[in-house]
A.B. asks: 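Got a structure for you, written out below as structure tokens; questions coming shortly.
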Amino acid sequence: MDLNNQTKVTFFIIKGISSLPELQALIFLLVLLIYLLTLGGNVTILLLVCLDHHLHTPMYFFLCNLSILDISSSTISLHKILVAYLTGDHNVSFLSCMLQFYIFSCLACNELLILVAMSYDRYVAICQPLRYSVIMNSKITISTAKSGRRVRQ
């Protein structure tokens, strides 16, 4: 076998939705608008939960964490696309692409874990309403979120 005939991937090229130059500005503005709406909505959720003391419950704690993860994953996935539209440089290095994929995958896994915790919170609230405040108190919620341990009944 000949080891000299190997190809090494050094970069990827971002292909846009359309290669027509007259649509590039419209697509950039649309992507930027969607990103800003996502960012604005999640920051609004964070501010409302932080400012209103009545929303300091386990469900809203998980909702804040979900908002932070949503902001992070949107930024990770859209930052290079927005920069590519502005600079015209559509090349992404292999290492940068793999790092972006790894971070996005980790954020997506964390989002799924928070959704599981939110569903457990609703399960306890519906099926065991009298024991809800004992099972889902803030100390258990925060320690579960930090360590990833399961909450025991």
Side-chain angles (χ1 to χ4, degrees), residues 1-52 55-124 135-152:
M1 180 157 81
D2 187 16
L3 295 178
N4 293 332
N5 192 10
Q6 293 183 356
T7 304
K8 184 178 179 183
V9 176
T10 56
F11 65 91
F12 295 103
I13 299 172
I14 297 176
K15 295 291 288 182
I17 297 172
S18 172
S19 60
L20 297 173
E22 56 271 3
L23 291 179
Q24 295 300 318
L26 180 64
I27 293 171
F28 170 76
L29 290 175
L30 183 65
V31 170
L32 183 64
L33 178 69
I34 291 170
Y35 175 67
L36 291 176
L37 285 173
T38 302
L39 196 65
N42 285 310
V43 168
T44 302
I45 290 171
L46 284 171
L47 286 175
L48 288 175
V49 172
C50 289
L51 295 177
D52 190 359
L55 299 179
H56 292 181
T57 61
M59 179 55 81
Y60 288 104
F61 170 76
F62 291 132
L63 191 61
C64 281
N65 285 313
L66 198 61
S67 292
I68 291 170
L69 287 172
D70 193 29
I71 289 170
S72 302
S73 62
S74 297
T75 302
I76 285 293
S77 62
L78 290 178
H79 82 281
K80 186 60 181 172
I81 294 171
L82 293 172
V83 169
Y85 276 120
L86 289 176
T87 63
D89 180 25
H90 296 280
N91 294 337
V92 180
S93 71
F94 179 77
L95 182 62
S96 174
C97 184
M98 290 301 116
L99 183 64
Q100 181 179 347
F101 176 72
Y102 175 75
I103 293 171
F104 184 78
S105 298
C106 290
L107 291 171
C109 289
N110 284 330
E111 283 187 31
L112 292 175
L113 291 173
I114 288 180
L115 288 173
V116 167
M118 289 172 81
S119 65
Y120 180 74
D121 177 72
R122 292 297 88 197
Y123 164 76
V124 171
I135 295 172
M136 295 300 289
N137 62 31
S138 61
K139 185 186 288 186
I140 290 175
T141 305
I142 292 171
S143 68
T144 304
K146 285 182 181 177
S147 66
R149 291 180 293 181
R150 244 180 76 183
V151 178
R152 292 190 172 184

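Fair warning: this is a prediction, and the values are worked out from it, not measured in the lab.
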A.B. asks: Ignoring hydrogens and geometry, is there a side-chain-to-backbone donor-acceptor pair from Ser73 to Asp70 under 3.5 Å?
C.D. replies: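 Present.
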A.B. asks: Checking Ser96 side chain against Val92 main chain: does a donor-acceptor pair fall under 3.5 Å?
C.D. replies: no
A.B. asks: Is any side-chain heavy atom of Ile27 closer than 4.5 Å to one of Leu23?
C.D. replies: yes
A.B. asks: Looking at OG of Ser105 and CD1 of Ile76, how far apart are the two atoms once the value is rounded to the nearest 0.5 Å?
C.D. replies: 11.0 Å
A.B. asks: Within the 4.5 Å heavy-atom criterion, are Asn91 and Phe12 side-chain neighbours or not?
C.D. replies: no
A.B. asks: How long is the span from the OG atom in Ser67 to the OH atom in Tyr60, to the nearest 0.5 Å?
C.D. replies: 11.5 Å
A.B. asks: More than 12 foreign heavy atoms under 6.0 Å from CZ of Phe28: is that the case here?
C.D. replies: yes
A.B. asks: Can you tell me how far SG of Cys97 sits from CZ of Phe101, rounded to the nearest 0.5 angstrom?
C.D. replies: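 Phe101 atom CZ to Cys97 atom SG measures 9.0 Å (nearest 0.5 Å).
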A.B. asks: Mind checking the CD1-CG spacing from Ile68 to Asn110? Nearest 0.5 Å is all I need.
C.D. replies: 11.5 Å
A.B. asks: If you round to the nearest 0.5 Å, how far is CG of Asp121 from OG1 of Thr57?
C.D. replies: 7.5 Å
A.B. asks: Taking the side chain as every heavy atom from C-beta outward, state whether Asn65 and Glu111 have any pair of such atoms under 4.5 Å apart.
C.D. replies: no
A.B. asks: What is the minimum heavy-atom distance between Leu46 and Cys64, and which atoms define it?
C.D. replies: CD2-O, 3.6 Å
A.B. asks: Supply the atom-to-atom distance Thr75 OG1 to Leu107 CG, rounded to the nearest 0.5 angstrom.
C.D. replies: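 That separation rounds to 9.5 Å.
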A.B. asks: Mind listing the closest non-hydrogen atom pair of Leu55 and Leu48 along with its distance?
C.D. replies: CD1-O, 3.8 Å
A.B. asks: Are Leu33 and Leu36 packed together at the side-chain level, in the sense that at least one heavy-atom pair is separated by less than 4.5 angstrom?
C.D. replies: no
A.B. asks: Heavy atoms only: give me the nearest Ile14-Lys80 pair and the separation to one decimal.
C.D. replies: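 Reported closest heavy-atom pair: CD1-CG, 3.7 Å.
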